[in-house]
Amino acid sequence: GDVRPRLSERLADSFVHASPAAKLQADKDKRMAWFREAKFGMFIHWGLYAVPAGVWNGKNINGAGEWILNTAQIKVADYEPLIKQFNPVKYDAKEWVRIAKDAGMKYIVITSKHHEGFGLWDSKLTDWDIASTPYKKDLLKQLAQACKEAGIKLCFYHSIMDWHHPDYLPRRGWDPRPDVKANFPRYVEYMKGQLKELLTNYGDIGILWFDGEWESTWTHEQGKDLYSYIRKLQPNIIINNRVDKGRSGMAGMTQGEQFKGDYGTPEQEIPANGFGPGVDWESCMTMNDTWGYSSHDLNWKSSAKLVQNLIDCVSKGGNYLLNVGPTAEGLIPAASVQRLAEVGRWMKANGESIYGAQASPFPRQLPWGRVTRKGNTLYLHVFDPKPGQTLDQPGLQTKIIGIIRQPGTFLTAKLPSPAAVVVPDWKPIVPGMPLVLAITLDGEPKIVKVLPKQNPDRSIDLKAIDAAVTGHAGYEADKDCIGFWTNQADTVEWEFEAVRGEVNVEIELAAADDSAGAQFEILISGQTLKGTVPNTGSWSTFKKIDLGKVSIVAPGKTKLVVKPLSKPGLGVMNLRAIRLRG
């Protein structure tokens, strides 16, 4: 007989003899599989803060609605009466789940407890929860059942920070409660007890989404311990990186291999070019300006913008967690419902280009939109399609053998070589929504890097989104700049195809007064230009500064580097662009 070991036996044997690191990676890949397929989730911020809805003592309180206790500096004793006003009689968990599912969302992350410390379930460890409200019924139990019936993954957000609990430290400066009797280790045990309730009473939970880890009282050792504690309660659960201390600001990614967490959490931003293969991350973003419900926040993004954000995340290897902030009555605001319905119509037709899709194979984002990939198929998402427009795929070497307009309309039977991808006449599902063209390749996509070129007049705009950053600084989409530049060792550089000749160098930057005075140099073609960052008024007020002339003596591949020399304040600068002019 055949004495060769069966394939399954050989694979099992190889797993047994795999290194501990390989086993850890295999375990992570297994639990992350659904997350990598899902791509799109609903964030729900709901708590007592929905009662004041961004208003306190008759005044609109700016900022996030769920931060009102802190922003308005409300004493805990004055905040506690809200528990008797929270009565969400219009809450319909099945309807919430239907809205999410119809939008194309695959998972829901709800605030079991936010910074105010109030729990949406009947905890046996405190009276500061839903059981003490007029409503009384467990909100999470209803949602868990509705998610189970609909095939949606239920996930919990849980705040490490707790402004209400008497043992939580540090106290806010305006909180009059004495802290001499506060016992932070006792608070940590309380938090673990609540998490045990959440992980033993509501079935399998997809994600534990921690927050508030930036507080000085929370340590790396506590993060490691909590990660291990959660993993023992539910071995297959996903735990975000805010359980530990490694997150680097709003950019959200962990800096350092010693820190725990299964994925990164950019907040209110999408990275310029992702974080590379094999890195799991999820951008959490609001539909307007606040997470918790605010009656006066009417700055809603369009449904087309929401779809673009989703595509942008997936094209860079990430997920998109889109927030709703229900009212105190238990209703998701009508503006959110309308937008989610429109997103859902687009997803129903184009979900193939999103679910389980990989990042774009192109090294930089393309000016006409974004690209996602499944095997030998590239999905071209055209953000502002114009009939007859040709869509360039710079550096693509693999032959195109088919073009299909989603959902499933065959466009071209015979293609010229090389094939030109042209925008057809079409009617968008919702005005402003992206067009999707699926192009089939004759094999794996092979792409060579194509550098931007100076124009014949020697001009070129080197934009922030196309820069390579060494260090922790990153692209800020809302300001279209390199920001978070808090480390003097970080550098920013561009590569381009140069032509010989003299050029004038201009920099566009911004800096607040407390960071003005940083010195920097620009290195190009063996020459150096130096400059000083002025006070432009704010981090959002950009100014163009002429730095002088350099001579490019060797045409071809050229590198331009911006290198800080000093940093007297918080940051070096916000850098929007370098421009060369002949």
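Computed from a prediction, not measured in an experiment: that's the story for all the values here.
Of all heavy-atom pairs spanning P568 and G517, the tightest one is CG-C, 3.8 Å. Considering every non-hydrogen atom in both V314 and A357, the closest pair reads CG1-CB, 4.0 Å. R364 and I465 make their closest contact through CD-O, 4.2 Å (heavy atoms, listed as atom of the first residue, atom of the second, distance). The minimum heavy-atom distance linking W300 with A335 is given by the pair CE2-CB, 3.5 Å. Between P170 and T217 the shortest heavy-atom distance is CD-OG1, 3.5 Å. Heavy atoms only, all atoms of each residue included: T290 and G65 are closest at OG1-N, 2.5 Å.
When the ring pair (Phe, Tyr, Trp, His ring centres under 6.0 Å) test is applied to W56, no partner is found at least two apart in sequence or on another chain. With sequence neighbours excluded, the residues that form a side-chain contact (heavy atoms from CB on, under 4.5 Å) with A473 are V469, I482, W485, D490. Applying the side-chain contact (heavy atoms from CB on, under 4.5 Å) test to E493 and every residue at least two apart in sequence or in another chain returns A468, K559, V561. Judged as a side chain to side chain donor-acceptor pair (under 3.5 Å), and not counting sequence neighbours, Q488 has no contacts. Scored by the salt bridge (Lys or Arg N to Asp or Glu O under 4.0 Å) test, R500 finds no partners at all (sequence neighbours excluded). Residues satisfying the side chain to side chain donor-acceptor pair (under 3.5 Å) test with D175, not counting sequence neighbours, are R177. With sequence neighbours left out, K453 forms a salt bridge (Lys or Arg N to Asp or Glu O under 4.0 Å) with no residue at all. Considering only residues two or more places apart in sequence or on other chains, R171 meets the salt bridge (Lys or Arg N to Asp or Glu O under 4.0 Å) condition with none of them. Residues forming a salt bridge (Lys or Arg N to Asp or Glu O under 4.0 Å) with D384 (at least two apart in sequence, or on another chain): K386. Annotation: side chain to side chain donor-acceptor pair (under 3.5 Å) contacts of K449 (sequence neighbours excluded): E495.
Looking at heavy atoms from C-beta onward, K245 lies out of side-chain contact with Q222 at the 4.5 angstrom threshold. In this structure the side chain of Q365 reaches within 4.5 angstrom of the side chain of K316, judged on heavy atoms. Within the 4.5 Å cutoff, the side chain of M161 has no heavy atoms near those of the D211 side chain. Using a 4.5 Å cut-off on side-chain heavy atoms (C-beta onward), E116 and E66 make no contact. Residues V450 and P363 are not in side-chain contact: their nearest non-hydrogen atoms beyond the backbone lie 4.5 Å or more apart. The shortest side-chain heavy-atom distance between H115 and L69 does not fall under the 4.5 Å cut-off. At a threshold of 4.5 Å between non-hydrogen side-chain atoms, the residues Q393 and V371 do not count as touching. For the pair F362 and L378, the minimum side-chain heavy-atom distance is below 4.5 Å.
With hydrogens and angles ignored, the 3.5 Å screen pairs a side-chain donor or acceptor of N240 with a backbone N or O of F210. With R458 contributing its side chain and L580 its backbone, the two residues share no donor-acceptor pair below 3.5 Å. The main-chain N or O of K301 is found under 3.5 Å from a side-chain atom of R339 such that the two form a donor-acceptor pair. One N or O on the side chain of W346 and one on the backbone of P434 form a donor-acceptor pair closer than 3.5 Å. Judged by distance alone, the side chain of N319 and the main-chain N or O of F35 form a donor-acceptor pair under 3.5 Å. Between the S159 side chain and the K113 main chain, no donor and acceptor come within less than 3.5 Å of each other. With N574 contributing its side chain and C481 its backbone, the two residues share no donor-acceptor pair below 3.5 Å. For the pair K39 (side chain) and L310 (backbone), a donor-acceptor distance under 3.5 Å is absent. In this structure a side-chain-to-backbone donor-acceptor pair under 3.5 Å is present from R373 to G375. Although no hydrogens or angles enter the test, the distance criterion places no donor-acceptor pair under 3.5 Å between the side chain of D244 and the main chain of G246.
In this structure, OG1 in T558 is found 5.5 Å from CD1 in I552, a value given to the nearest 0.5 Å. Atom CG of D289 is separated from atom CG of D297 by 4.5 Å, given to the nearest 0.5 angstrom. Between the CG atom of L380 and the OG atom of S360 there is a distance of 9.0 Å, given to the nearest 0.5 Å. The distance from atom CZ of F259 to atom CZ of R247, rounded to the nearest 0.5 Å, is 12.5 Å.
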Query - Residues C313, W281; criterion side chain to side chain contact (heavy atoms under 4.5 Å, CB included); working and verdict - result: CA-CA 9 Å; C313 288; W281 58 274; 4.2 Å; yes

Report task. Evaluate the side chain to side chain contact (heavy atoms under 4.5 Å, CB included) criterion for residues N62 and T71: first the C-alpha distance (whole Å), next the side-chain angles of each, then the deciding distance (0.1 Å), finally the verdict. Result -> CA-CA 8 Å; N62 294 327; T71 309; over 6 Å; no

Requested in this report: Please assess F496 against D466 for the test side chain to side chain contact (heavy atoms under 4.5 Å, CB included), listing each intermediate value before the final yes or no.
Outcome: CA-CA 11 Å; F496 63 98; D466 296 320; over 6 Å; no

Report task. Go through V109 and F156 one step at a time and tell me if the side chain to side chain contact (heavy atoms under 4.5 Å, CB included) criterion holds. Result -> CA-CA 5 Å; V109 183; F156 293 142; over 6 Å; no

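Under 4.0 Å is where a charged nitrogen must lie from a carboxylate oxygen, and between E506 and R576 no such pair does. Comment: R579 engages E508 in a salt bridge, judged by a side-chain N to carboxylate O separation of less than 4.0 angstrom. A salt bridge links R581 with D461: the distance from a Lys NZ or Arg NE/NH1/NH2 to an Asp or Glu carboxylate oxygen falls below 4.0 Å.
For NZ of K463, the number of neighbouring non-hydrogen atoms (other residues, nucleotides, ligands) closer than 6.0 Å is 12 at most. The number of heavy atoms from other shown groups lying within 6.0 Å of NZ (K28) is above 12. Atom NZ of K563 has 12 or fewer neighbouring heavy atoms from other residues, nucleotides or ligands inside a 6.0 Å radius. The neighbour count for K479 NZ, taken as heavy atoms of other residues, nucleotides or ligands under 6.0 Å away, is above 12.
Side-chain contact of S353 with H381: a donor-acceptor pair under 3.5 Å is present, judged by distance alone. Using modelled atom types, one finds a donor on one side chain and an acceptor on the other under 3.5 Å when comparing Q268 with T286. Q308 and D312 are not linked by any side-chain donor-acceptor pair at a separation below 3.5 angstrom, with hydrogens and angles left out of the test. Side chains of H45 and T111: a donor-acceptor N/O pair is absent below 3.5 angstrom, by distance only.
Within the structure, side-chain hydrogen bond (donor to acceptor under 3.5 Å, both in side chains) contacts touching residues 253-263 (residues at least two apart or in different chains) are R31-D262, W209-Y263, Y227-D262, R231-D262, N241-T254, Q255-H472, Y263-E282. Sorted by first and then second residue, the pairs that involve residues 523-539 and meet side-chain hydrogen bond (donor to acceptor under 3.5 Å, both in side chains), not counting sequence neighbours, are S538-T541.
Y157 and F43 have tilted rings, their planes meeting at an angle from 30° to 60° on a 0 to 90° scale.
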